[in-house]
Amino acid sequence: MAATARPECDADTIVIGGGIIGVAIAAALRDQSVLVLDSGAPRFGTSLTNAGHIVVSHATPFAAPGMVRMGFRSLAARDGSFALSPKIPLSGLSWLGKFMSKCNERNTAVLTPGLLSLLQISAQQVHQLGIPTTSTGMWEIFTSPRAREHALHQVEHMHQIGLSAHLIDKSEALESEPLLTPNAQAIVELSEDFGINPETLWYTLRDANPDATYINNVTVDSLTPFVDFVRVNVGTTTYSARKVVIAAGAWTPSVTKLVGVNLPIIAAKGYSITIPHMRTNIAHPMILADEKTAVDPMGSALRMSARFELTRASDRSISTKRITQMYQRAKRTLRLPEFPESIQSLSPWTGVRPASADGAPFIGPLAGMPNVLVASGHGMIGTAMAMGTADLIARYLRGERISEAELALTPNR
Ligand SMILES: Cc1cc2nc3c(=O)[nH]c(=O)nc-3n(C[C@H](O)[C@H](O)[C@H](O)COP(=O)(O)OP(=O)(O)OC[C@H]3O[C@@H](n4cnc5c(N)ncnc54)[C@H](O)[C@@H]3O)c2cc1C
């Protein structure tokens with residue numbers, strides 16, 4: 001890193017990427033000047049139309065024992081929950097190799113405490129923000145022949161990591177959620193989890209720091225760290241700041257590459273649809289465990305999301321076949337209207353999750369570059385971890401204490 005006289009800075013901190021992670025960081029930095037640069041508008045990212053599940057229960061990293069078997073089973077069954085797109089970049093192969101090597105007990109033991117801390121801070125801060133949330137806990141619903149065994153295992157696992165969960169009596173469940181079909185064999189209530197509208201969270205966080213400046217439609221294409229500032233280039237325009245935080249979602253590797261760092265993050269495409277005007281509302285946000293589908297009540301509409309397809313970050317193509325598959329699978333567990341003639345009435349959407357190879361986000365300064373930080377790789381639970389991530393980044397920037405569990409999330413691991 002060269003020592004050059006620091007120019008007049010445009011901001012104390014520049015955040016690259018204005019998705020839910022970037023906007024949460026800007027909201028947490030109310031004590032300094034912040035500039036958020038986004039190559040599109042956040043709407044083009046992944047954060048606004050997802051399922052909105054705030055899942056403290058998901059504190060185990062995605063790369064966990066059993067996941068390789070589950071992935072192969074899903075690929076063989078072509079059931080759509082996990083898939084490899086023909087558009088997958090070459091780097092996807094090394095990502096897969098790393099992922100497989102991380103699906104072990106040690107990875108789970110090292111990363112779970114940090115994930116749990118981020119999720120608990122986030123859930124608490126979402127409540128403090130006062131945005132509307134579902135008033136009930138999340139239901140995880142099992143339909144397979146081994147449903148009860150899997151449900152009991154889940155309750156035990158939650159208790160082991162210190163979270164509350166319990167089995168719900170099936171007949172009571174069918175009575176209180178008339179949309180459920182009798183195929184719902186076993187139901188677990190995850191008491192600390194809840195649902196929100198992710199778009200409401202994004203706008204609330206943006207408004208929480210009215211002094212932050214947002215510039216859209218600018219792609220950062222060069223990044224030069226000096227001893228006490230960082231130069232950021234967007235075409236011929238130059239910005240400078242004391243610190244930079246890279247929060248570019250599935251595009252993060254293309255930004256860290258600008259400073260010579262190769263982060264194992266790949267785009268994992270998912271779909272959501274929003275069924276308008278349901279005649280019977282549901283109260284509980286739900287995870288259909290065997291269908292690998294998330295279901296979230298949004299007023300009188302119902303949002304459903306599924307699929308984890310490794311691909312390129314630019315791949316936003318929508319497959320009618322996949323949407324139909326997701327709908328028909330969910331229909332085994334939920335009384336849904338007939339599939340509509342036009343899928344457009346379901347507002348089909350895709351987003352690319354930034355999936356890290358070991359299943360946990362990268363948060364903290366890059367090795368040898370104390371003024372370039374990363375906050376990315378949140379995979380399936382970026383909304384649920386956004387405010388905990390922002391809290392951690394703010395503590396790094398203020399030079400405050402970082403716990404052992406949080407240090408385990410360093411991008412240099
Ligand atoms: C179908 C689906 C359902 C989901 N459901 C849930 C859920 O229920 N709960 C949950 O917690 N999470 C969920 N997620 C995951 C969640 O959406 C993501 O983890 C989260 O949105 C990632 O946020 P981000 O800010 O890192 O990325 P993004 O929202 O993708 O933001 C990154 C931003 O960086 C910008 N950018 C990229 N490159 C550059 C550059 N060079 N210069 C400037 N800007 C740049 C992009 O334009 C983009 O706006 C779901 C995801 C999908 C796809």
Side-chain angles (χ1 to χ4, degrees), residues 14-26 36-56 58 62 118-119 122-123 126 138 193-199 201-202 205 214-223 232-235 239 244-258 265 267-273 285-287 292-296 303-309 311 313-314 316 322 326 348-356 361-363 374-390:
I14 289 180
V15 180
I16 302 174
I20 196 67
I21 302 298
V23 77
I25 292 169
V36 182
L37 304 175
D38 196 289
S39 57
R43 221 164 250 292
F44 302 133
T46 312
S47 298
L48 270 66
T49 317
N50 63 45
H53 281 185
I54 305 295
V55 273
V56 181
H58 282 43
F62 186 60
L118 292 186
L119 288 162
S122 287
V126 169
M138 179 102 42
D193 294 359
F194 56 94
I196 52 144
N197 182 327
E199 187 161 350
L201 180 63
W202 189 91
L205 287 170
Y214 284 80
I215 304 182
N216 289 337
N217 304 314
V218 287
T219 298
V220 171
D221 51 21
S222 150
L223 203 57
V232 175
N233 277 83
V234 171
Y239 299 96
V244 163
V245 184
I246 303 170
W251 296 268
T252 297
S254 65
V255 183
T256 58
K257 222 178 257 172
L258 300 173
I265 292 178
K269 184 165 87 165
Y271 286 90
S272 83
I273 52 175
M286 295 178 184
I287 297 167
K292 308 274 179 293
T293 301
V295 178
D296 200 38
R303 179 162 299 160
M304 194 183 288
S305 70
R307 197 164 168 87
F308 195 87
E309 177 179 329
T311 187
S314 56
R316 305 301 287 274
R322 297 300 171 206
M326 165 166 61
W349 172 85
T350 62
V352 280
R353 307 174 185 93
S356 71
F362 297 110
I363 307 172
V374 174
S376 189
H378 296 78
M380 303 210 288
I381 51 173
T383 300
M385 283 195 282
M387 297 182 72
T389 299

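Residue numbers start at 1 and run along the sequence shown. Just follow the structure's listing: the first ligand is 1, and inside any ligand the first atom is 1.
- For the atom pair K292 NZ and R307 CZ, the distance stands at 14.0 Å (nearest 0.5 Å).
- The atoms of ligand 1 that sit less than 4.0 Å from any heavy atom of W251 are 30 (O), 37 (C), 38 (N).
- In summary, the atoms of ligand 1 found under 4.0 Å from a heavy atom of V218, numbered by their order in the structure, are 42 (N), 43 (C).
- Remark: side-chain polar atoms of D193 are not paired, donor with acceptor, to backbone N or O of M138 under 3.5 angstrom.
- The G379 neighbourhood of ligand 1 comprises atoms 15 (C), 18 (C), 19 (O), with distances under 4.0 Å to a heavy atom of that residue.
- Of the polar atoms of A268, none of the N or O atoms is found under 3.5 Å from an N or O of ligand 1, judged by distance alone.
- Between V234 and Y239 there is a side-chain heavy-atom pair separated by less than 4.5 Å.
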Going through the checks in order, is the side chain to side chain contact (heavy atoms under 4.5 Å, CB included) test met by W349 and R316? CA-CA 8 Å; W349 172 85; R316 305 301 287 274; 3.9 Å; yes
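- Polar contact with ligand 1: absent for G351 (N/O pair, distance under 3.5 Å).
- Backbone and side-chain nitrogen or oxygen atoms of G22 are examined, and none is located within less than 3.5 angstrom of a nitrogen or oxygen of ligand 1.
- M286 contributes atom CE, which lies 12.5 Å from atom OG1 of T293 (distance to the nearest 0.5 angstrom).
- Atoms of ligand 1 found under 4.0 Å from any heavy atom of G40, numbered from 1 in the order shown, are 47 (O).
- Closest of all the heavy-atom pairs between R303 and L48 is NH1-O, 4.2 Å.
- No donor-acceptor pair under 3.5 Å is formed between the side chain of N233 and the backbone N or O of D221.
- In this structure, the side chain of S272 does not engage the main chain of M304 through any donor-acceptor pair within 3.5 Å.
- Looking at ligand 1, you won't find any N or O of I16 less than 3.5 Å from one of its N or O atoms.
- In terms of N/O distances under 3.5 Å, ligand 1 is not approached by A250.
- Residue-ligand proximity, T219 to ligand 1, at heavy-atom distances under 4.0 Å covers atoms 41 (N), 42 (N).
- Between E309 atom CD and R322 atom CZ the span is 6.5 Å, to the nearest 0.5 Å.
- Considering backbone and side-chain N/O of T383, one or more are found under 3.5 Å from N/O of ligand 1.
- Note: an N/O pair closer than 3.5 Å links N50 and ligand 1 by distance alone.
- Shown in contact with A384 at under 4.0 Å from a heavy atom are these atoms of ligand 1, numbered in order with element: 10 (C), 11 (O).
- Of the candidates I21, I265, L258, it is I21 that places a heavy atom closest to atom 26 (O) of ligand 1.
- Only backbone heavy atoms of Y271 (N, CA, C or O) come within less than 4.0 Å of ligand 1; its side chain stays farther off.
- Backbone and side-chain nitrogen or oxygen atoms of T46 are examined, and one is located within less than 3.5 angstrom of a nitrogen or oxygen of ligand 1.
- Considering only heavy atoms from C-beta on, V255 comes within 4.5 Å of L223 through its side chain.
- Between S39 and ligand 1, at least one N/O pair is under 3.5 Å apart.
- Near V255, the atoms of ligand 1 lying under 4.0 angstrom from a non-hydrogen atom of the residue are 41 (N).
- The shortest N or O to N or O distance between V352 and ligand 1 is not under 3.5 Å.
- When G377, G270, G249, A386 are ranked by how near their heavy atoms come to atom 27 (O) of ligand 1, first place goes to G249.
- Within the 3.5 Å criterion, the main-chain N or O of N50 finds no donor-acceptor partner in the side chain of S305.
- Nearest residue to atom 23 (O) of ligand 1 from S47, S254, A24, G19 is S47 (criterion: closest heavy atom).
- Taking each of M326, H378, M380 in turn, the one with a heavy atom nearest to atom 10 (C) of ligand 1 proves to be M380.
- Side-chain N or O atoms of H53 include none that pairs as donor or acceptor with a backbone N or O of T383 at under 3.5 Å.
- Looking at S47, its side chain never comes within 3.5 Å of a backbone N or O of G19 through a donor-acceptor pair.
- At least one heavy atom of G52 sits less than 4.0 Å from an atom of ligand 1.
- Looking only at distances, no side-chain donor or acceptor of R353 sits under 3.5 Å from a matching main-chain atom of H378.
- Within ligand 1, the atoms closer than 4.0 Å to a non-hydrogen atom of H53 are 7 (C), 8 (O), 9 (N), 10 (C), 11 (O), numbered from 1 in the order shown.
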